[in-house]
Chemist: 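Take a look at this one; I'll ask things after.
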Amino acid sequence: MKIIYPPLVEQSFQFYQANDEQEYSKSELYRSMVENHIIYENGAPTPEAIEQGLVRDFYEEPNLSFQDFLTIYPIFQSYDSTLFQRIDGFWEIPLDIKNELLGKLVLDEISYDEKIQIEEFLENR
C-alpha cells in the first residue's frame with residue numbers, strides 16, 4: 001500500500017533529498033513537521049510556520065492586486081507586467097510563457113524556490 005503524504009511533506013522531502021546529506025524517510029519527516037508545529041496532521045501549514053517563514057502560503061484570493069500577486073509569486077517580477085491579464089479574478093499568463101515555465105521545470109534549470117512557485121502557480125491553471 002502506497003501512502004500519500006501532504007504536498008508540504010513531499011516538497012520538504014524533495015528539498016532534503018537535494019540539499020542534505022542526511023537521509024530522511026517521508027514518515028519521519030511528516031512526524032517531525034507535525035511535532036514541530038510546522039503542519040497540522042491534515043498537512044495544512046500552521047499560522048506559526050507561515051509567520052516564521054518556514055512555509056509559504058500560495059493561496060490566491062480572487063481579485064488580488066498585481067503587487068499582491070507578485071508577493072505570492074516573486075518569480076514573475078522579472079516578467080513584463082503587460083503580459084499578465086486578470087481573468088475571472090486571477091492573474092494569468094500567455095500559453096507560451098506557461099510552456100516556457102514547464103520547460104524550466106523539465107530541464108531543472110531553476111532553484112528549488114522557483115520550482116515550487118512555478119508548480120504552485122500552474123497547479124490549478
Side-chain angles (χ1 to χ4, degrees):
M1 181 169 105
K2 182 176 173 148
I3 298 173
I4 299 175
Y5 289 94
L8 287 173
V9 175
E10 293 288 350
Q11 291 168 3
S12 296
F13 184 75
Q14 290 173 4
F15 175 81
Y16 284 118
Q17 275 190 315
N19 298 302
D20 201 340
E21 294 178 12
Q22 185 176 348
E23 291 289 320
Y24 296 93
S25 73
K26 288 182 188 176
S27 63
E28 290 173 325
L29 194 54
Y30 169 78
R31 233 180 337 236
S32 174
M33 291 175 78
V34 171
E35 289 171 1
N36 290 300
H37 306 285
I38 296 170
I39 61 173
Y40 294 112
E41 288 181 358
N42 67 0
T46 63
E48 306 93 83
I50 293 170
E51 288 171 16
Q52 294 174 8
L54 299 174
V55 175
R56 296 234 4 230
D57 186 7
F58 289 98
Y59 176 71
E60 288 180 70
E61 291 186 24
N63 301 312
L64 286 176
S65 71
F66 189 67
Q67 205 51 44
D68 288 339
F69 171 79
L70 291 177
T71 300
I72 296 171
Y73 302 107
I75 191 171
F76 292 119
Q77 291 176 351
S78 62
Y79 289 84
D80 182 356
S81 64
T82 61
L83 296 172
F84 294 83
Q85 186 176 29
R86 195 181 317 191
I87 300 172
D88 293 330
F90 295 93
W91 292 101
E92 300 291 346
I93 54 176
L95 185 57
D96 60 329
I97 295 178
K98 285 184 184 180
N99 289 332
E100 174 189 322
L101 295 173
L102 288 170
K104 288 182 178 186
L105 289 174
V106 170
L107 296 174
D108 201 25
E109 59 184 30
I110 51 178
S111 72
Y112 176 79
D113 190 47
E114 292 170 328
K115 178 183 175 190
I116 297 301
Q117 289 178 55
I118 291 170
E119 288 174 346
E120 291 292 330
F121 176 78
L122 295 175
E123 183 176 333
N124 295 315
R125 289 177 163 87

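Numbering starts at 1 and runs along the sequence shown.
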Chemist: Same hydrophobic cluster for Phe58 and Leu54, using side-chain heavy-atom links shorter than 4.5 Å among ILVMFWY?
Modeler: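 Both belong to a single hydrophobic cluster.
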Chemist: With a 6.0 Å cut-off (strictly less than), is the heavy-atom count around CG of Asp80, excluding the residue itself, greater than 12?
Modeler: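 Correct, the count exceeds 12.
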Chemist: Is it the case that more than 12 heavy atoms not belonging to Leu107 sit under 6.0 Å from its CG atom?
Modeler: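 Yes, CG of Leu107 has more than 12 neighbouring heavy atoms, counting only those of other groups under 6.0 Å.
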Chemist: Locate the shortest heavy-atom distance separating Phe13 from Leu29; write the atom from each residue and the value.
Modeler: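 Nearest pair, atom of Phe13 first, then Leu29: N-CD2, 3.3 Å.
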Chemist: Quick one: does Trp91's side chain have a donor or acceptor within less than 3.5 Å of a partner on Leu64's backbone?
Modeler: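 Yes: the side chain of Trp91 pairs with the backbone of Leu64.
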Chemist: Within this structure, what is the OH-OG distance for the pair Tyr5 and Ser12, rounded to the nearest 0.5 Å?
Modeler: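 Reported value, rounded in 0.5 Å steps: 13.0 Å.
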Chemist: Do you know the tightest heavy-atom contact between Gln11 and Ile116?
Modeler: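 Result for this residue pair: CG-CD1, 3.7 Å.
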Chemist: Mind checking the CZ-OG spacing from Phe76 to Ser81? Nearest 0.5 Å is all I need.
Modeler: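 Result: 13.5 Å between the selected atoms.
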Chemist: Grab the two heavy atoms, one from Glu61 and one from Tyr59, that are nearest each other, plus how far apart they are.
Modeler: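 Minimum heavy-atom separation between Glu61 and Tyr59: CG-CE2, 3.2 Å.
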Chemist: Take atom CD of Glu23 as the centre, draw a 6.0 Å sphere, and report whether it contains more than 12 heavy atoms from other residues, nucleotides or ligands.
Modeler: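 Counting other residues, nucleotides and ligands, CD of Glu23 stays at 12 neighbours or fewer.
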Chemist: Please assess Leu101 against Ile93 for the test side chain to side chain contact (heavy atoms under 4.5 Å, CB included), listing each intermediate value before the final yes or no.
Modeler: CA-CA 11 Å; Leu101 295 173; Ile93 54 176; 3.6 Å; yes
Chemist: Any link between Ile110 and Val106 through a network of hydrophobic side chains (Ile, Leu, Val, Met, Phe, Trp, Tyr) touching at under 4.5 Å?
Modeler: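 The answer is no; the residues belong to distinct hydrophobic clusters.
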Chemist: Between Gln14 and Lys115, is any pair of side-chain heavy atoms under 4.5 Å apart?
Modeler: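 Yes, their side chains come closer than 4.5 Å.
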Chemist: Take atom CD of Gln67 as the centre, draw a 6.0 Å sphere, and report whether it contains more than 12 heavy atoms from other residues, nucleotides or ligands.
Modeler: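 Atom CD in Gln67 is not crowded, with 12 or fewer foreign heavy atoms closer than 6.0 Å.
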Chemist: Please test Phe69 against Phe84 for side chain to side chain contact (heavy atoms under 4.5 Å, CB included), starting from the C-alpha separation and ending with a verdict.
Modeler: CA-CA 11 Å; Phe69 171 79; Phe84 294 83; 3.7 Å; yes
Chemist: Using the rule that two of Ile, Leu, Val, Met, Phe, Trp, Tyr join whenever any of their side-chain heavy atoms come within less than 4.5 Å, decide whether Val55 and Tyr40 are in one cluster.
Modeler: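 Hydrophobic grouping puts Val55 apart from Tyr40.
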Chemist: Should the heavy atoms of other residues, nucleotides or ligands under 6.0 Å from OH of Tyr79 be counted, would the total exceed 12?
Modeler: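 Enclosed.
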Chemist: Tell me the closest heavy-atom pair linking Ser65 and Arg86, and the distance in Å.
Modeler: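 Taking every non-hydrogen atom into account, CA-NH2, 4.4 Å.
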Chemist: Between CD of Glu92 and CZ of Phe121, what distance do you get to the nearest 0.5 Å?
Modeler: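 CZ of Phe121 is found 5.5 Å from CD of Glu92.
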Chemist: With rounding to the nearest 0.5 Å, note down the distance linking CD in Glu41 to OH in Tyr30.
Modeler: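 OH of Tyr30 is found 5.0 Å from CD of Glu41.
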Chemist: Distance from Ile38 atom CD1 to Thr46 atom OG1, nearest 0.5 Å?
Modeler: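 OG1 of Thr46 is found 7.5 Å from CD1 of Ile38.
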Chemist: Report the C-alpha distance between Leu8 and Met33 in whole Å, list the side-chain angles of each, state the deciding distance to 0.1 Å, and finish with yes or no for side chain to side chain contact (heavy atoms under 4.5 Å, CB included).
Modeler: CA-CA 9 Å; Leu8 287 173; Met33 291 175 78; 4.3 Å; yes
Chemist: Quick check on Glu109: does its CD atom have over 12 non-hydrogen neighbours (other residues, nucleotides or ligands) under 6.0 Å away?
Modeler: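 Yes, CD of Glu109 has more than 12 neighbouring heavy atoms, counting only those of other groups under 6.0 Å.
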Chemist: Go through the steps to decide whether Glu60 and Tyr73 satisfy the test side-chain hydrogen bond (donor to acceptor under 3.5 Å, both in side chains), and finish with yes or no.
Modeler: CA-CA 10 Å; Glu60 288 180 70; Tyr73 302 107; 3.1 Å; yes
Chemist: Of all heavy-atom pairs between Asp57 and Ile72, which one has the smallest distance, and what is that distance?
Modeler: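 That closest heavy-atom pairing would be O-CG2, 4.2 Å.
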Chemist: Restricting to non-hydrogen atoms, name the atom on Leu83 and the atom on Pro94 that form the minimum distance, rounded to 0.1 Å.
Modeler: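 Where Leu83 meets Pro94 most closely, the heavy atoms are O-CD, 3.3 Å.
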Chemist: Looking only at side-chain N and O atoms, does Ser111 offer a donor or acceptor that is under 3.5 Å from a partner on Asp113?
Modeler: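 Judged by distance alone, the side chains do not pair up.
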Chemist: Measure the spacing between CG of Leu102 and NZ of Lys98 and express it to the nearest 0.5 Å.
Modeler: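 With rounding to 0.5 Å, CG (Leu102) is 9.0 Å from NZ (Lys98).
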